[in-house]
Colleague: 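The structure that follows is given in the form of structure tokens.
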Protein chains: 2
Amino acid sequence: MPSAENDKPNRETYRHGDLRNALIEAGLELARQGGPEAVVLRAATRQAGVVPNAAYRHFTDRNALLQAVSQTAMAHLARTMEAEQAALPPATDEAAAARARFRAVGTGYLRFAQEEPGLFRTAFHVPGDMAHAAAPTAAGAAGKTPFELLGAALDDLVKAGLLPEDRRPGAEFLAWSAVHGLAALLIDGPLRGLHPTQAHDAGQHVIDMIERGI
Amino acid sequence: MPSAENDKPNRETYRHGDLRNALIEAGLELARQGGPEAVVLRAATRQAGVVPNAAYRHFTDRNALLQAVSQTAMAHLARTMEAEQAALPPATDEAAAARARFRAVGTGYLRFAQEEPGLFRTAFHVPGDMAHAAAPTAAGAAGKTPFELLGAALDDLVKAGLLPEDRRPGAEFLAWSAVHGLAALLIDGPLRGLHPTQAHDAGQHVIDMIERGI
DNA sequence: CTCCGCATGTGGACAGCGTACACAAGGCTG
DNA sequence: CAGCCTTGTGTACGCTGTCCACATGCGGAG
């Protein structure tokens, strides 16, 4: 009598009850293992124990499903970044704390990229429009998207006097570019397969460069 | 006697003669317009005026074809970077020249990403192994791959005394990360659709950051 | 100069994909 | 309790990548 995500034939109620979320969850698992191109509509419906066309009651498109999965993956990224900040040891002074929080943004970003490459690639696979990377569905526990977390960390850097105010505008794009680029090189670029500790060092070097050059 | 890439039925010789290259060429055009996922085996063979299975005499896989297209796209990138350096005005002194050549590496890279986003994404779409980004098929006119062009520019920076020798090791990954990340943001990230001049400015800012932080 | 082997292109088939259309089930509102 | 409208089903189509057996004819052996 239980069982809702089994094979095809058995479900006790005609209605699934929560198909939309079930599809997103299934898509998320597919994305985790194989990246965005592995998010296959028919596979997701199969996992949800439903016929392929049922998906069209909740998503106009395979693309719409992928979009929803992508948003959720982005939210996971946000949570990893938040966790990285939360795990920070108490800092001696406010400036050190701001600096540590800023670095944690980048470190968490890179950690997620390496631990969940499929989800990371899916989060940044945006066929249509990425403007809604700022959508609330992409936010973490604190309601902030990865982009907003970075912006907040930069603001703190300014407040702490570690970043001149006139350098603040546009700084998120400098920092984001560097960290995102490294993530790309690590995931499927020439730095792929780097030992995790080496990858961590590379990440710290990139963040050093950002601090110096921002 | 000419005419080899027509419709399906007409080709005068039973053998195509240069099918492998024809398929790569067709794939390149598909990639230009729609990125890596647009490189469809059947479409390429159609364009070459050949039956789908003919492709399997030259590529084991769709993936093998895509790989070949990707390499060619990488070579185009190399040529764009070389062109950017070649277009440099004569510099006053050697240090200025080295610096200009270094910046041209990044500027050319970003120019290609924006002018040919489909090819750029295809060049960096490496399903299997990207180790052979250093393969000769990925090189430009001077026989250097994009990665090697960057390395050479950095070496010149050291020779010109603009980059301390102890900062040289691993510097390519710092620079590459930053520029590649910006390219990603510009192509299908939140910076997409930026006015070309604004995009150019963003590129210069990122390169500024690299010069400061490297 | 002829003949035949083997590389190259053809034809047909299959499973899997996204998606459109008409139909079935059954909870919700009146 | 009736019926509507949302949700899930069934069937079908064209597209994809790929497998298999077969056809063709170029180039070297005789």
Side-chain angles (χ1 to χ4, degrees), chain A residues 3-27 29-31 33-70 122 125 127-128, chain B residues 1 3-27 30-31 33-70 122 125 127-128:
Chain A
S3 94
E5 298 86 342
N6 262 355
D7 280 41
K8 262 173 260 179
N10 48 348
R11 189 186 339 121
E12 28 191 291
T13 99
Y14 181 75
R15 306 298 173 87
H16 179 289
D18 194 22
L19 185 52
R20 181 166 216 280
N21 285 335
L23 289 175
I24 293 182
E25 212 58 38
E29 188 51 35
L30 292 169
Q33 300 181 348
E37 57 271 20
V39 178
V40 164
L41 191 144
R42 288 175 103 110
T45 58
R46 228 174 284 138
Q47 173 107 11
V50 116
V51 103
N53 281 340
Y56 288 86
R57 300 296 172 190
H58 301 275
F59 301 95
T60 70
D61 235 17
R62 178 216 177 223
N63 227 320
L65 168 60
L66 182 52
Q67 199 93 351
V69 172
S70 164
T122 305
H125 175 95
Chain B
M1 41 184 44
S3 99
E5 301 87 340
N6 264 353
D7 278 42
K8 261 173 266 181
N10 47 349
R11 189 187 337 122
E12 29 193 289
T13 101
Y14 180 75
R15 306 296 172 89
H16 180 287
D18 195 22
L19 185 51
R20 182 167 215 280
N21 285 336
L23 289 175
I24 293 182
E25 213 55 39
L30 293 168
Q33 299 180 350
E37 57 271 17
V39 178
V40 163
L41 190 145
R42 287 176 104 110
T45 57
R46 230 174 282 141
Q47 173 107 9
V50 116
V51 102
N53 281 339
Y56 288 87
R57 299 295 172 190
H58 302 274
F59 302 96
T60 70
D61 236 16
R62 178 216 176 220
N63 226 321
L65 168 59
L66 182 52
Q67 200 92 353
V69 173
S70 165
T122 304
H125 176 95

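To find a chain, count down the sequence lines: A is the first, B the second, and so on, and within it residues start at 1. Quick caveat: nothing in here was measured; it's all calculated off a predicted structure.
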Colleague: Just to verify, what does B:Ala64 make a side chain to side chain contact (heavy atoms under 4.5 Å, CB included) with, not counting sequence neighbours?
Modeller: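 B:Ala64 satisfies side chain to side chain contact (heavy atoms under 4.5 Å, CB included) with B:Phe59, B:Thr60, B:Asp61 once adjacent residues are dropped.
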
Colleague: Quick one, give me the B/S/- string for nucleotides 17-24 of chain C, reading 5' to 3', where B means a protein heavy atom under 4.0 Å from the base and S means that only happens at the primed atoms, P, OP1 or OP2.
Modeller: BBBBBBBB

Colleague: Between P on C:dG26 and CG on A:Leu19, what's the gap in Å once rounded to a whole number?
Modeller: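 Between P of C:dG26 and CG of A:Leu19: 17 Å.
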
Colleague: Side-chain contact test, heavy atoms from C-beta onward, threshold under 4.5 Å: evaluate it for A:Glu29 versus A:Glu25 and give yes or no.
Modeller: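 Counting from C-beta outward, A:Glu29 and A:Glu25 never come under 4.5 Å.
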
Colleague: Holding to side-chain hydrogen bond (donor to acceptor under 3.5 Å, both in side chains), I want the full list of residues that pass it with B:Asp18, two or more places apart in sequence or in another chain.
Modeller: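 With sequence neighbours excluded, B:Asp18 shows a side-chain hydrogen bond (donor to acceptor under 3.5 Å, both in side chains) to B:Asn21, given in chain and number order.
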
Colleague: Between atom CD in B:Glu37 and atom C1' in D:dC15, what is the gap in whole Å?
Modeller: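 It works out to 16 Å between those atoms.
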
Colleague: So which pairs with a foot in residues 34-44 of chain A pass salt bridge (Lys or Arg N to Asp or Glu O under 4.0 Å), sequence neighbours left out?
Modeller: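 Every salt bridge (Lys or Arg N to Asp or Glu O under 4.0 Å) pair that includes a residue of residues 34-44 of chain A, provided the two are not neighbours, is A:Glu37-A:Arg121.
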
Colleague: What residues form a side chain to side chain contact (heavy atoms under 4.5 Å, CB included) with B:Ala31, not counting sequence neighbours?
Modeller: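 If we apply the side chain to side chain contact (heavy atoms under 4.5 Å, CB included) test to B:Ala31, skipping adjacent residues, the hits are B:Val39, B:Val69, B:Leu119, B:Thr122.
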
Colleague: For B:Arg20 and C:dA7, give me the distance from atom CZ to atom P, rounded to whole Å.
Modeller: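 Answer to the nearest Å: 17 Å.
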
Colleague: D:dT6 phosphate, OP1 or OP2: any side-chain N/O from A:His58 under 4.0 angstrom?
Modeller: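 Looking at the OP1 and OP2 atoms of D:dT6, neither is under 4.0 Å from any side-chain N or O of A:His58.
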
Colleague: Partners of B:Ala26 by side chain to side chain contact (heavy atoms under 4.5 Å, CB included), sequence neighbours excluded?
Modeller: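 Residues passing side chain to side chain contact (heavy atoms under 4.5 Å, CB included) with B:Ala26: B:Ala44, B:Gln47.
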
